[in-house]
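The structure appears below as structure tokens.
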Number of protein chains: 2
Amino acid sequence: MGVTKTEHFTENQNQIAIMMKALGHPARIAIMEFLMKSDSCICGDIVAELPLAQPTVSQHLKELKNAGLIKGNVEGTAVCYCIDENALEVLQLYFAGMSSNLEKQRNKCC
Amino acid sequence: MGVTKTEHFTENQNQIAIMMKALGHPARIAIMEFLMKSDSCICGDIVAELPLAQPTVSQHLKELKNAGLIKGNVEGTAVCYCIDENALEVLQLYFAGMSSNLEKQRNKCC
DNA sequence: GAGTTATATCGTAATATTGCAATATAAAGA
DNA sequence: TCTTTATATTGCAATATTACGATATAACTC
């Protein structure tokens, strides 16, 4: 097989999984951290920063964009990529909710 | 090729990516949510809950465990899986840090 | 328009993931 | 010990991901 059975899970579970999957690669984590720390969001600067070829970086950017984690603005010949704050908030709230939920249930088993 | 170039990224970036990757599948998100919501952490109950065959669920549990997100306790013939609170806290703090960082940098570009 | 610069897409090889049937293992009970 | 029950492992087919050279596209500059 090799096909994920997305249809058996809730829309929310699939949505979270898609975002997590996009973040499940060190290059894409590095891109997110670069966009967060740096003043620049120019694609060329990301390519220069990462130890990967330009087509590879372009592909990683595309995946982050498809997952809704970043957005891209064309500026002349350059493209400016930025973190989508809404997406990040979804993730932040998801994990905050999980953590506080765990707190309540402590020592229930194991 | 097809091999992730982990050696070019920081240990922290790789560690975060490993955990995110493990959560990058709806079945594994469903498992985490089940372990969070339910009183049970018995493997058999997870298998019963998920729309996947037992070997498939076993494999997903293994991946979550390898990523450090859950821990397993043998209890007779059953195995009790629980969320590793430390791992979840790492993720929660990671996203909280990102969110607050973004807040500061709002409207810098794009 | 020709050349330059920045980014995306195509094509492809190497490798990884997903899912499950079949089977193995390991503990509990008869 | 034999059987049952619960979980893990193996093996394999289908598919997805990763990386990059080659090439395409698209917007500036002259």
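Since the structure is predicted, the reported quantities are computational estimates derived from the model, not experimental observations. In the text below, chain A, chain B and the rest are named by the order of the sequence lines, each starting its count at 1.
- If you take NZ of Lys62(B) and C1' of dT18(C), they are 14 Å apart, rounded to a whole angstrom.
- When the nucleotides dG19(C), dA8(C), dA19(D) are ranked by their closest atom to the side chain of Val79(A), dA8(C) comes out on top.
- At most 12 heavy atoms of other shown residues, nucleotides or ligands fall within 6.0 angstrom of atom CD in Glu11(A).
- Across the protein-nucleic acid pair, Met20(A) atom CE and dT17(C) atom C1' stand 19 Å apart, rounded to whole Å.
- Interatomic distance, Asp45(B) CG to Leu35(B) CG, rounded to the nearest 0.5 Å: 10.5 Å.
- Note: CG (Asn66(A)) to P (dT18(D)) measures 13 Å, nearest angstrom.
- Across every non-hydrogen atom of Phe9(B) and Leu50(A), the tightest pair is CE2-CD2, 4.4 Å.
- Side-chain N or O atoms of Ser100(A) include one that pairs as donor or acceptor with a backbone N or O of Gly97(A) at under 3.5 Å.
- Regarding contacts with the backbone of dT7(C), every side-chain N or O of Ser58(A) stays at 4.0 angstrom or more from both OP1 and OP2.
- Across the protein-nucleic acid pair, Ile42(A) atom CD1 and dT5(C) atom P stand 17 Å apart, rounded to whole Å.
- The shortest non-hydrogen separation linking Ala27(B) to Leu52(B) is CB-CD1, 3.7 Å.
- For Leu64(A) and dT17(D), the CG to P distance is 13 Å, given to the nearest whole Å.
- Place Thr6(A) and Val47(A) on DNA chain C by their nearest nucleotides, and Val47(A) ends up nearer the 5' end.
- Rounded to whole Å, the distance from NZ on Lys65(A) to P on dT7(C) is 13 Å.
- For the pair Ala87(A) and Gly68(A), the tightest heavy-atom approach, listed with the atom from each and the gap, is CB-O, 3.2 Å.
- The CD1 atom of Ile18(B) sits 16 Å away from the C1' atom of dT17(D) (whole-angstrom rounding).
- In the region residues 22-34 of chain A, proximity to DNA chain C at under 4.0 angstrom, judged on heavy atoms, holds for none of the residues.
- Following rounding to the nearest Å, Ile46(B) (CD1) and dA6(D) (P) show an atom-to-atom distance of 14 Å.
- If you check every strand for non-hydrogen atoms under 4.0 Å, Lys21(A) touches sugar and phosphate atoms only.
- One N or O on the side chain of Gln13(A) and one on the backbone of Thr10(A) form a donor-acceptor pair closer than 3.5 Å.
- Side-chain atoms of Thr4(A) do not come within 3.5 Å of backbone N or O of Thr6(A) as any donor-acceptor pair.
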Name the pairs: protein N/O against N/O of nucleotides 21-28 of chain C, kept only if under 3.5 Å.
none

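- Considering CG of Leu23(A) and CG of Leu69(A), their distance stands at 5.0 Å, rounded to 0.5 Å.
- Residues Leu61(B) and Cys43(B) meet the side-chain proximity criterion, which asks for heavy atoms closer than 4.5 Å.
- Using a 4.0 Å cut-off, no side-chain N or O of His60(B) falls inside it from OP1 or OP2 of dT17(C).
- Looking at heavy-atom distances under 4.0 Å, Gln59(B) makes contact with a base.
- Contact check, Tyr81(A) against dA6(C): no side-chain N or O comes under 4.0 Å of OP1 or OP2.
- Residue Leu61(B) is classed as having no contact, given no heavy-atom separation below 4.0 Å to the nucleic acid.
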